[in-house]
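So the structure is just underneath, and the comments pick up after that.
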Protein chains: 2
Amino acid sequence: MEHRLEQIKKQLHAQSYKLTPQREATVRVLLEREEDHLSAEDVYLLVKEKSPEIGLATVYRTLELLSELKIVDKVNFGDSVSRYDLRKEGAEHFHHHLVCVECGSVEEIEEDLLEEVEQIVEKDWCFQVKDHRLTFHGVCQHCQESVVESTK
Amino acid sequence: MEHRLEQIKKQLHAQSYKLTPQREATVRVLLEREEDHLSAEDVYLLVKEKSPEIGLATVYRTLELLSELKIVDKVNFGDSVSRYDLRKEGAEHFHHHLVCVECGSVEEIEEDLLEEVEQIVEKDWCFQVKDHRLTFHGVCQHCQESVVESTK
DNA sequence: GTTATTGCAAATTGTTTGCAAGTGC
DNA sequence: GCACTTGCAAACAATTTGCAATAAC
């Protein structure tokens with residue numbers, strides 16, 4: 001965790017940005033809640049718990065900055081809020097998501113899975129793929145089980 | 001086209017919604033511009049050309065309704081506006097998109113391409129897939145050619 | 001005649017910006 | 001000291017809502 005923070009600090013410095021206390025607090029929240037898909041507001045409230053003086057605009061600006069540096073990815077799951085998702089260390093590609101239509105939970109898939117599809121797109125559509133966004137909508141394991149349960 | 005409209009009318013009636021003149025005008029615009037990915041504002045302006053009395057809120061409400069009935073899909077390509085995309089006749093799945101990072105153009109892919117990936121997800125993640133969203137970001141054929149052109 | 005639908009304007013929501021004050025090297 | 005950064009409040013843009021008027025069957 002500290003290692004990750006150190007790494008991010010370097011990335012910022014490399015582009016002559018500073019890791020200010022506010023930015024550090026924001027990154028820490030993202031690291032702690034790596035599994036979640038927090039909105040800017042969510043991040044703001046969590047950061048505020050430890051650094052009450054921070055402003056919402058600063059959080060937005062920080063997330064925007066991290067997004068430009070490809071440290072986080074901005075995602076959107078159909079609702080109107082942007083969510084911010086930390087890239088895994090060394091990940092070249094954006095990871096995929098499984099969104100449960102029953103309970104709204106979001107699971108992540110790190111595996112690429114799209115290599116073949118991308119080759120087809122490059123060849124058949126003459127489109128040079130740089131990145132992708134893949135989200136599946138469906139029913140998560142947990143909700144499948146509850147349905148079985150409730151029909152017993 | 002008329003056939004498509006007729007079909008949509010039936011779908012509406014099936015859920016006891018009416019195909020009012022405003023709704024018809026909106027659907028007509030979507031049919032005419034099937035290839036495009038229009039925002040609500042875009043649709044509004046186009047509908048207004050032929051039916052100047054329509055209100056923006058009505059267009060939003062109509063698009064929302066069509067979206068619930070799965071006649072159109074609401075998409076979002078990273079910017080803050082929702083775009084509305086008519087489903088192809090009889091399409092079970094949402095189609096894919098190729099978004100060019102150079103010129104912003106959006107191309108559609110009707111082919112499924114994800115059958116295998118979905119099987120893997122169902123099996124390895126125990127996730128029951130209902131639908132998907134797949135977007136590739138990259139460089140379209142046209143922009144690739146212009147780069148070659150400009151470095152000649 | 002009742003119920004769904006509309007148009008308008010006002011309200012809401014998520015996000016961005018201007019700017020004066022503050023901070024870090 | 002100077003450029004970068006912050007917090008606040010105001011501005012913005014996209015979308016939604018309340019409501020009285022209207023239209024459909």
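If you're wondering where the values come from, they're calculated on a predicted model, not measured in any experiment. In what follows, chains carry the letters A, B, and so on, assigned in the order in which the sequence lines appear, proteins first and then strands, with residues in each chain numbered from 1.
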Going by ring-ring contact (aromatic ring centres under 6.0 Å, His included), name the residues that satisfy it together with B/His137, two or more places apart in sequence or in a different chain. none
Would a 4.5 Å heavy-atom cut-off, applied to side chains only, mark A/Lys88 and A/Glu34 as touching? yes
Contact list for DNA chain D against residues 57-65 of chain B - heavy-atom distance below 4.0 Å: B/Ala57, B/Tyr60, B/Arg61
Check whether any side-chain N or O of A/Thr58 sits under 3.5 Å from a backbone N or O of A/Ile54 as a donor-acceptor pair, and report yes or no. no
All pairs passing ring-ring contact (aromatic ring centres under 6.0 Å, His included) where residues 46-68 of chain B contributes a residue, at least two apart: none
Taking C-beta and beyond as the side chain, do A/Leu38 and A/Arg83 meet within less than 4.5 Å on heavy atoms? no
Provide the full list of ring-ring contact (aromatic ring centres under 6.0 Å, His included) pairs with a residue in residues 64-89 of chain B, sequence neighbours left out, each pair given once. B/His37-B/Phe77, B/Phe77-B/His97
Any residue meeting side-chain contact (heavy atoms from CB on, under 4.5 Å) with B/Ser80, in chain and number order, not counting sequence neighbours: none
Anything under 3.5 Å between a donor and an acceptor, one on a side chain of residues 12-20 of chain B, the other on a protein residue two or more places apart or in another chain? List them.
unit_1: B/Thr20; atom_1: OG1; unit_2: B/Arg23; atom_2: N; d: 3.2

Does any residue of residues 34-55 of chain A have a heavy atom under 4.0 Å from DNA chain C, and if so, which ones, in number order? none
Verify the contact: side-chain N or O of B/Ser82 to OP1 or OP2 of D/dT15, cut-off strictly under 4.0 Å; return yes or no. yes
If only atom types and distance count, is the side chain of B/Gln144 paired as donor or acceptor with the main-chain N or O of A/Cys126 below 3.5 Å? yes
Check whether more than 12 heavy atoms from other residues, nucleotides or ligands sit under 6.0 Å from atom NZ of A/Lys9, and answer yes or no. no
One would report the end-axis bend of the helix from C/dG1-D/dC25 to C/dC25-D/dG1, five pairs per end and rounded to 10 degrees, as 30°
Do A/Asp85 and A/His95 get their side chains close enough for a donor-acceptor pair, meaning under 3.5 Å? yes
Any salt bridge (Lys or Arg N to Asp or Glu O under 4.0 Å) pairs touching residues 114-132 of chain B, not counting sequence neighbours? B/Arg87-B/Asp131
Between atom CD of B/Glu145 and atom SG of B/Cys140, what is the distance when rounded to the nearest 0.5 Å? 8.5 Å
Grouping ILVMFWY residues whenever side-chain heavy atoms fall under 4.5 Å, the cluster of B/Leu114 otherwise contains A/Leu98, A/Ile109, A/Leu113, A/Leu114, A/Val117, A/Ile120, A/Val121, A/Trp125, A/Phe127, A/Val129, A/Leu134, A/Phe136, B/Leu98, B/Ile109, B/Leu113, B/Val117, B/Ile120, B/Val121, B/Trp125, B/Phe127, B/Val129, B/Leu134, B/Phe136
Ordered by number, residues from residues 13-26 of chain A within less than 4.0 Å of DNA chain D (heavy atoms) are A/Tyr17, A/Lys18, A/Thr20, A/Gln22, A/Arg23
Under a criterion of less than 4.0 angstrom to any heavy atom of chain A, what are the 5'-terminal and 3'-terminal contacting nucleotides of DNA chain C? C/dG14 to C/dG18
Rounded to the nearest 0.5 angstrom, the NE2-CD distance for B/His96 and B/Glu107 is 13.0 Å
